[in-house]
Structures are given as structure tokens and as C-alpha cells.
Trainee: 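For reference, the structure I am asking about is given below.
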Amino acid sequence: IFLGVFFGRIGCLLNGCCYGGRCEEGWSSIRFPPLTAVYREQLSNGELLGMDVDPENGNIKSVVADSVAAGLGIQSGDVYEAYDFDDRVFDDADRTIPKEELVPGWIMRVSGKTYQLSPDELPQRSLPVRAAQPISSISALILCLILCAASLVIHRPGGLMFTGFAAYAVLRFVLEIVRVDEAGQFNTALTISQWVSVVVFSLSIVGLLWVYFIRSESADRFEQTQAAA
């Protein structure tokens with residue numbers, strides 16, 4: 001199972017999903033190309049263009065110097081009114097290139113003025129985010145190896161399975177702190193994956209208690225009965 005998670009998260013990396021939160025450039029960060037979810041999100045909220053936008057009213061609180069927005073003359077105090085991808089660049093694109101590989105332009109209205117940006121005018125990579133996918137992939141591989149080693153000492157049926165589920169629940173709960181692609185659920189800051197982790201961890205502990213105590217006592221009584229017979 002966890003070897004499958006190892007390969008699955010590599011797929012998430014290639015697809016650009018399940019990404020981490022914004023961070024400074026470093027060994028644990030990664031930048032994604034256009035068409036990926038994190039690139040589109042940063043472009044939509046204005047961050048990729050150098051704008052710090054209030055999501056409630058669209059007011060631009062600040063503009064990063066030497067950014068795309070600064071080059072367009074956008075200033076703090078302006079209002080980020082509307083935006084969308086500009087697919088008109090597809091009309092003149094090479095017909096031999098699949099549409100899924102074409103990068104659209106960007107069109108937005110700021111304080112009543114419309115700006116049109118071609119793909120060449122947009123950043124070629126997203127701002128750095130936490131490398132959540134590689135971290136998750138490597139963690140799953142480590143957990144897989146630990147469970148392989150634990151199988152040499154855990155022989156009771158079900159013990160290894162419940163141990164693995166409990167360990168992954170804790171691991172996934174912590175990894176969700178790094179990721180930002182899921183919102184909090186049930187009026188809490190916990191994501192749906194964290195809630196599932198809490199449930200899985202609780203059930204795994206109950207399963208371990210059943211395997212090592214309740215089921216063990218029942219098995220012992222059954223063996224004693226068979227021996228007496």
C-alpha cells in the first residue's frame with residue numbers, strides 16, 4: 001500500500017496537484033510551470049504578478065518592485081476588479097501543437113483599466129511552494145521500509161496492518177499542514193484529509209487493542225478448550 005503511495009505522489013508531482021504552501025526559495029521548495037493548478041491559483045489571486053490583493057474587496061495592498069504589475073504601472077490602492085485567461089492566443093497557434101500544451105494569455109481589469117498579457121509576458125514558473133509531493137512520496141517509502149523491518153518482529157495477524165494505518169494517519173495529518181490545496185471543514189482549520197486521519201488513527205488503535213488483547217484472550221481460551229477436549 002505505502003509503496004503505491006510512493007509512486008502515486010510522484011504522479012501528483014508530475015500533474016502539479018496536492019501542492020504545498022508558499023515559501024522562500026530553498027532546498028525544500030519547488031516552482032511549477034504554467035497550466036498547473038498552483039500556477040493558475042497564484043496568477044488568479046495576483047500574487048504571481050506581484051500584487052498583494054485583499055480577497056474580500058479586491059483592493060491591492062501592495063505591489064512588489066520589479067514585478068509584472070509594477071511594470072504595468074499598477075500601484076497600491078488600485079482595485080483588482082476582474083480577470084480571466086485569454087484564449088485568443090490559440091487562434092494563431094501552430095495547429096500541430098495539442099491544445100492541452102498551449103499556454104493562454106491573461107486579461108485583467110484594474111481600477112477600470114484593462115490589461116492584456118501574452119504568454120511571453122507572464123512568469124515562466126510559479127512562485128516557490130513547499131515540495132509537498134516529494135516529501136509525501138519519500139515519507140511513504142520510509143514508512144514502507146519500516147513496516148518491512150517491523151514484519152520481522154510483528155507476527156500477530158492484523159498487527160502490522162493496523163500499525164501501518166495508524167502511522168500513516170499521523171504522517172498524513174502532519175503533511176496536511178504543509179499542503180494548502182484543501183480548505184478547512186466543519187467550521188474548523190482541519191482539512192477533510194486530517195479529519196479522515198483522526199478517524200483512521202482512532203480505528204487503528206481500537207484494532208490494535210482488539211488484536212493484542214481481546215482477540216488474543218479469545219484465541220487462548222479456544223486453545224485451552226481444544227487442549228482440554
Trainee: State, without any angle test, whether Arg31 and Gln124 hold a side-chain donor-acceptor pair at a distance under 3.5 Å.
Mentor: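 No, Gln124 and Arg31 have no side-chain donor paired with an acceptor closer than 3.5 Å.
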Trainee: Count the heavy atoms belonging to other residues, nucleotides or ligands that lie under 6.0 Å from CG of Leu35, then report whether that count exceeds 12.
Mentor: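 Enclosed.
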Trainee: Would you mind reporting whether Phe32 and Leu13 have side-chain heavy atoms less than 4.5 Å apart?
Mentor: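 In contact.
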Trainee: Using a 4.5 Å cut-off on heavy atoms from C-beta on, say whether the side chain of Leu49 contacts that of Leu43.
Mentor: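 Contact flag for Leu43/Leu49 side chains = yes.
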Trainee: In terms of hydrophobic clusters joined by side-chain contacts under 4.5 Å, are Val153 and Tyr212 together?
Mentor: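 Linked, Val153 and Tyr212 end up in one cluster.
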Trainee: Would you say the side chain of Arg125 lies within less than 4.5 Å of the side chain of Pro34, judging by non-hydrogen atoms?
Mentor: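 Side-chain contact under 4.5 Å: yes.
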Trainee: Holding to side chain to side chain donor-acceptor pair (under 3.5 Å), I want the full list of residues that pass it with Arg109, two or more places apart in sequence or in another chain.
Mentor: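 Checked Arg109 against side chain to side chain donor-acceptor pair (under 3.5 Å); matches are Glu81.
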Trainee: Nearest heavy-atom pair of Gly26 and Ser29: which atoms, and what distance?
Mentor: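 In this case the closest contact between Gly26 and Ser29 is O-OG, 2.7 Å.
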Trainee: Is the number of heavy atoms from other residues, nucleotides or ligands under 6.0 Å of Asn57 CG greater than 12?
Mentor: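 Yes - once you tally the heavy atoms of other residues, nucleotides and ligands closer than 6.0 Å, there are more than 12.
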Trainee: With rounding to the nearest 0.5 angstrom, report the CD1 to CD distance, Ile30 to Gln133.
Mentor: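 Ile30 atom CD1 to Gln133 atom CD measures 6.0 Å (nearest 0.5 Å).
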Trainee: Should Leu3 and Ile10 be regarded as members of a common hydrophobic cluster, given that ILVMFWY residues are connected when their side-chain heavy atoms come within less than 4.5 Å of each other, either directly or indirectly?
Mentor: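 In one cluster with Leu3: Ile10, yes.
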Trainee: Check the orientation of Phe162 and Phe165. Use parallel for under 30°, tilted for 30 to 60°, and perpendicular for over 60°.
Mentor: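 Answer is perpendicular, since the angle exceeds 60°.
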Trainee: Is there side-chain contact between Trp106 and Leu122, with at least one heavy-atom pair below 4.5 Å?
Mentor: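 Touching, per the 4.5 Å side-chain cut-off.
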Trainee: Please evaluate residues Arg130 and Ser28 with respect to the criterion side chain to side chain donor-acceptor pair (under 3.5 Å), reporting the C-alpha separation (whole Å), side-chain torsions for both, the decisive distance (0.1 Å), and the verdict.
Mentor: CA-CA 6 Å; Arg130 292 293 181 193; Ser28 62; 2.8 Å; yes
Trainee: Would you say that Leu160 contacts Leu147 through its side chain, given a criterion of any heavy-atom pair below 4.5 Å between the two side chains?
Mentor: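 In short, these two side chains touch, coming nearer than 4.5 Å.
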Trainee: Roughly how far apart are Ser111 OG and Ile60 CD1, rounded to 0.5 Å?
Mentor: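 If I round to the nearest 0.5 Å, the distance is 6.5 Å.
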Trainee: Atom CE of Met51 and atom CD of Gln75: how far apart are they, to the nearest 0.5 Å?
Mentor: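 Answer rounded to 0.5 Å: 13.0 Å.
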Trainee: Is it true that Val170 and Ile135 fall in one hydrophobic cluster, defined by side-chain heavy atoms closer than 4.5 Å?
Mentor: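 Shared cluster, yes.
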Trainee: Identify each donor-acceptor pair in which a side-chain atom of residues 194-209 lies under 3.5 Å from a protein atom, sequence neighbours left out, and give them as a table.
Mentor:
from, atom 1, to, atom 2, distance (Å)
Gln194, OE1, Thr191, N, 3.0
Gln194, NE2, Phe173, O, 3.1
Trp195, NE1, Thr188, OG1, 3.3
Ser197, OG, Ser193, O, 2.8
Ser202, OG, Val198, O, 2.8
Ser204, OG, Val200, O, 2.7

Trainee: I need the minimum non-hydrogen distance between Ala132 and Val178, along with the two atoms involved.
Mentor: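 Smallest heavy-atom distance, with atoms named: CB-CG1, 4.1 Å.
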Trainee: Under 4.5 Å between side-chain heavy atoms, counting indirect links through other Ile/Leu/Val/Met/Phe/Trp/Tyr residues: same cluster for Leu127 and Val53 or not?
Mentor: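 Yes: a chain of side-chain contacts under 4.5 Å links Leu127 to Val53.
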Trainee: Taking atom CD as the centre, does Glu24 end up with more than 12 heavy-atom neighbours from other residues, nucleotides or ligands that are less than 6.0 angstrom away?
Mentor: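 Check fails, neighbour count at 12 or below.
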Trainee: Could you check Arg22 against Gln42 for side chain to side chain donor-acceptor pair (under 3.5 Å), going step by step and ending with a plain yes or no?
Mentor: CA-CA 10 Å; Arg22 276 280 289 116; Gln42 292 180 358; 5.5 Å; no
Trainee: Rounded to the nearest 0.5 Å, what separation is found between the CD1 atom of Ile192 and the CD atom of Glu176?
Mentor: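 So the gap between those two atoms works out to 10.0 Å.
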Trainee: Can you establish whether the number of heavy atoms outside Tyr168 located under 6.0 Å from its atom OH is more than 12?
Mentor: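 Counting neighbours around OH of Tyr168, more than 12 heavy atoms of other residues, nucleotides or ligands fall under 6.0 Å, so yes.
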Trainee: Can you check side-chain contact (heavy atoms from CB on, under 4.5 Å) on Leu72 and Leu117, steps first, answer last?
Mentor: CA-CA 10 Å; Leu72 296 173; Leu117 300 174; 4.0 Å; yes
Trainee: Whether the side chain of Asn59 engages the backbone of Lys61 through a donor-acceptor N/O pair (distance < 3.5 Å, no angle test) should be reported.
Mentor: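 Not at all, since once roles are kept as given, no pair shorter than 3.5 Å links the two residues.
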Trainee: Considering all heavy atoms of both residues, which atom of Val211 and which atom of Gly159 are nearest to each other, and what is their separation?
Mentor: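 In this case the closest contact between Val211 and Gly159 is CG1-N, 4.1 Å.
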Trainee: Could you please spell out the steps behind the side-chain contact (heavy atoms from CB on, under 4.5 Å) verdict for Ile107 and Arg88?
Mentor: CA-CA 10 Å; Ile107 184 169; Arg88 289 177 297 179; 4.0 Å; yes
Trainee: Which heavy-atom pair separates Pro104 from Asp87 by the least distance, and what is that distance?
Mentor: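 Minimum heavy-atom contact is CB-OD1, 3.5 Å.
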Trainee: Side-chain contact test, heavy atoms from C-beta onward, threshold under 4.5 Å: evaluate it for Ile154 versus Thr163 and give yes or no.
Mentor: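 Side-chain contact under 4.5 Å: yes.
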Trainee: Starting at CE of Met161, measure out to OG of Ser151 and round the result to the nearest 0.5 Å.
Mentor: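 With rounding to 0.5 Å, CE (Met161) is 15.0 Å from OG (Ser151).
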Trainee: Surrounding CZ of Phe85 (heavy atoms of other residues, nucleotides or ligands, distance under 6.0 Å), is the total greater than 12?
Mentor: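 Yes, CZ of Phe85 has more than 12 neighbouring heavy atoms, counting only those of other groups under 6.0 Å.
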Trainee: Hey, any chance Tyr19 and Leu48 share a hydrophobic cluster, counting ILVMFWY side chains that come within less than 4.5 Å of each other, even indirectly?
Mentor: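 Unlinked, Tyr19 and Leu48 end up in two clusters.
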Trainee: Is there side-chain contact between Glu47 and Glu41, with heavy atoms separated by less than 4.5 Å?
Mentor: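 No, too far: nothing below the 4.5 Å cut-off.
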Trainee: Can you tell me how far apart OH (Tyr39) and OG (Ser44) are? Round to the nearest 0.5 Å.
Mentor: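 It comes to 10.5 Å.
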Trainee: Is any side-chain heavy atom of Val63 closer than 4.5 Å to a side-chain heavy atom of Asp52?
Mentor: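 Heavy-atom side-chain distance check fails, nothing below 4.5 Å.
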Trainee: Show every side chain to side chain donor-acceptor pair (under 3.5 Å) that has at least one partner inside residues 2-18, sequence neighbours left out.
Mentor: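 Every side chain to side chain donor-acceptor pair (under 3.5 Å) pair that includes a residue of residues 2-18, provided the two are not neighbours, is Arg9-Ser136.
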Trainee: Under the criterion side-chain contact (heavy atoms from CB on, under 4.5 Å), I'd like the reasoning laid out for Ile74 against Tyr115: C-alpha separation, chi angles, the key distance, then a yes or no.
Mentor: CA-CA 10 Å; Ile74 298 174; Tyr115 298 88; 4.0 Å; yes
